[in-house]
2 protein chains.
Amino acid sequence: MTTIYDIAKATEYSITTVSKVLNNYPNVSEKAKKKVLQAVEELGYTPNSSARTLATNKSWMIGVVFAEHLGVGMAHPFFSEVIESFKKQVELYDYDLLFVSRNMGLQKRTYKHLKHRGVDGVVVVQSLGEEAIEYSTSKLPTVFIDMPIEKSSAVYSDNKQGGMLAVDYLYGLGHRKIAHIAGRDTMFTAVERTRGFKLATREKGLTIPEQYIVDGGYYSYEGGREAMVRLLGLEAPPTAVFVAGDEMALGAVKVIKEAGLRVPEDISVIGFDDIPLSKHVDPPLTTIRQDKQLIGQQSAVLLLDKINGLSKNNQDKIVPVQLIKRNSCSAL
Amino acid sequence: MTTIYDIAKATEYSITTVSKVLNNYPNVSEKAKKKVLQAVEELGYTPNSSARTLATNKSWMIGVVFAEHLGVGMAHPFFSEVIESFKKQVELYDYDLLFVSRNMGLQKRTYKHLKHRGVDGVVVVQSLGEEAIEYSTSKLPTVFIDMPIEKSSAVYSDNKQGGMLAVDYLYGLGHRKIAHIAGRDTMFTAVERTRGFKLATREKGLTIPEQYIVDGGYYSYEGGREAMVRLLGLEAPPTAVFVAGDEMALGAVKVIKEAGLRVPEDISVIGFDDIPLSKHVDPPLTTIRQDKQLIGQQSAVLLLDKINGLSKNNQDKIVPVQLIKRNSCSAL
DNA sequence: TTGTACGCGTTATCAT
DNA sequence: ATGATAACGCGTACAA
């Protein structure tokens, strides 16, 4: 391996001068600069980031803690888009992303591991957070996506508003018997969407029987199926259902079809997320779109500011959602 | 920050002993081990990976070079599953994944950057590779996914076989006028799938007019649309079409429907990949499934062996594909 | 079994 | 403008 010592020897300058050239320091002659740069090129020198990190205490890496509880990991249709956007933003400032291994059983150690790696900051991408507190009590700059954490920054969609938008739309279409397939209430996003649902129905003067709100679990296709089965088994099934996640909504649609009913003619369905899939299914799914691009970008900005000490106090960024009308809902 | 010196001071042992305890070296007394471990716990010591990497020349990081030419980056439905599987495998051996920034314009520098970071190995996940040669000529252990590179290891599906399977199936269903929407021929996977198509049709004694093979670009939905439009414009349109990618196939299906035709009654469509979407669309897409899980796992094994010097010579691993019958194809 | 001392490649302080 | 030299935190010959 070639080091600054090699460059120093080749150019007959000291390592100090070499280092200064490499880091664009002011006090170096043009001549020195030229010679050094040339030697760098000729010898194919590449700086060693470990040594630099050791000396500067700055790694230019951002640790990524990814949703694990869904099994799919980084193949998650929503989170992968968010993190891609996040990556694009931090790349602008030369940060790399470190996806840390989490096979160490105890969650306690993933935070330790991040410290071990010396990452400059951490982004936690998950809707569920047992270990959240560890991060917030630490000194590692951290930003959470999809869940607010006390004493830490977070970025998430306006979930409540999304729930309200869905109900308003359905109500406007003439629906009165509106059901809700909710996410498990251990997730902040799920709770908020349900809250929006309840708020809006109340606002409209609707009385929703409690069987109309059913737990669909962790936003999975299967969870949506099971929930919809329950809904169809009711004495008075709903004419419309707001499903808290798109994958879950697809499961629900499937069950409706299997029961010999049609979407949206018999039952209207509206989802949440707008994953890539949604516009391709039949019927194309009406849904509440989360702005993944903006979520990723905003969380990057927040984290970078924290890392650079520009924002001392924590803050939450709430990203607007948007109703995407497709063909899974119709007037009554 | 607390270092081994702090532990040494607290336990009244030397840093050597501390280091040995931390690394499970043989020659340490139980007593020393106990005291050190306790101090580690009390002082909340976390080893510094940069220092360790600097001293051992081993980073326990694997660099990931991801497909960029499709725009979606890590949100790619196929690659994200592969890399997730890869991650699971390397995690077993305590490696972390480093997704490096690539905003530096010239591709030349992404390889430099990897060296700078001191990663122990590199996995290149893309079907297109202008810069492939750089890796193969370097000393960095590298494994390519989806494209074979001379003097380097690679893992990819049996694309040719996939093309043949598709044709055989269609032929068995009675189809004779079989078209092919191919991927751009700059991609190895595309070339192979087309080769399989040609081989099989020839085998069956079919003569395929050259307008039946149309370039759909880089496996995109839009590319599939455009290609299908061309196919439908033909004097004698095909009764079946083998599309080299699922997203592309969905675009094709869409166009067929828009033309007032039905899938599969009027035109049968078979895709390639089996992305999560495929089973949910209407009709559920018959396709050639790539074993993403195995591809990821195998490439990890290959790379790890290379890193550990267990396999000196390069090798390619070809992963079997599988026909998944759903409802987008029917007998003539 | 334990400890001393040096090296890993850089940055940074302080002279010159 | 340039250069010695001391950190940064850890691993490891070598000695004791």
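Reminder, nothing fancy here: chain letters follow the sequence lines and each chain counts from 1. All values below come from the heavy atoms of this structure, side chains included, with hydrogens, waters and symmetry mates left out.
- We find that CG of A/Leu22 is positioned 15 Å from P of D/dG3, with the value rounded to whole Å.
- Ring geometry for A/Phe66 versus A/Phe99: interplanar angle of 30 to 60°, hence tilted.
- Of the charged side-chain nitrogens involved, none lies within less than 4.0 Å of a carboxylate oxygen, so that A/Lys34 and A/Glu30 do not count as a salt-bridged pair.
- For A/Ser157 and A/Gln290, the side-chain atoms include at least one donor-acceptor pair closer than 3.5 Å.
- No side-chain heavy atom of A/Val123 sits under 4.5 Å from any side-chain heavy atom of A/Thr142.
- Within 4.0 Å (heavy atoms only), B/Tyr13 reaches sugar-phosphate atoms of the nucleic acid but no base atom.
- The residue B/Ser49 sits apart from the nucleic acid: no heavy atom pair falls under 4.0 Å.
- Residues from residues 28-39 of chain A lying near DNA chain C, meaning a heavy-atom separation below 4.0 Å, are absent.
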List the steps and the verdict of side-chain hydrogen bond (donor to acceptor under 3.5 Å, both in side chains) for A/Gln297 and A/Gln293. CA-CA 6 Å; A/Gln297 197 250 9; A/Gln293 205 273 330; over 6 Å; no

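- Backbone-only engagement by B/Asn48 is indicated by non-hydrogen atom pairs under 4.0 Å involving sugar-phosphate atoms exclusively.
- Contact check, A/Tyr45 against C/dT10: a side-chain N or O comes under 4.0 Å of OP1 or OP2.
- Side-chain proximity of B/Ser14 to the nucleotides D/dG9, C/dT10, C/dT2 is greatest for C/dT2.
- Distances shown here put a side-chain N or O of B/Thr17 below 4.0 Å from the OP1 or OP2 atom of C/dG3.
- For the 3.5 Å distance criterion, the side chains of B/Tyr218 and B/Thr186 qualify, holding a donor opposite an acceptor.
- Using bins of under 30°, 30° to 60° and over 60° for the plane-to-plane angle, the ring pair A/Trp60/A/Tyr95 lands in the tilted bin.
- Here the side chain of B/Asp305 pairs no donor or acceptor atom with the backbone of B/Leu302 at under 3.5 angstrom.
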Please write out each protein N/O paired with an N/O of nucleotides 12-16 of chain D under 3.5 Å, distance rounded to 0.1 Å.
{"from": "D/dT12", "atom 1": "OP2", "to": "B/Tyr25", "atom 2": "OH", "distance (Å)": "2.5"}
{"from": "D/dT12", "atom 1": "O4", "to": "B/Thr16", "atom 2": "OG1", "distance (Å)": "3.4"}

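- We find that CZ of B/Arg52 is positioned 14 Å from P of D/dG9, with the value rounded to whole Å.
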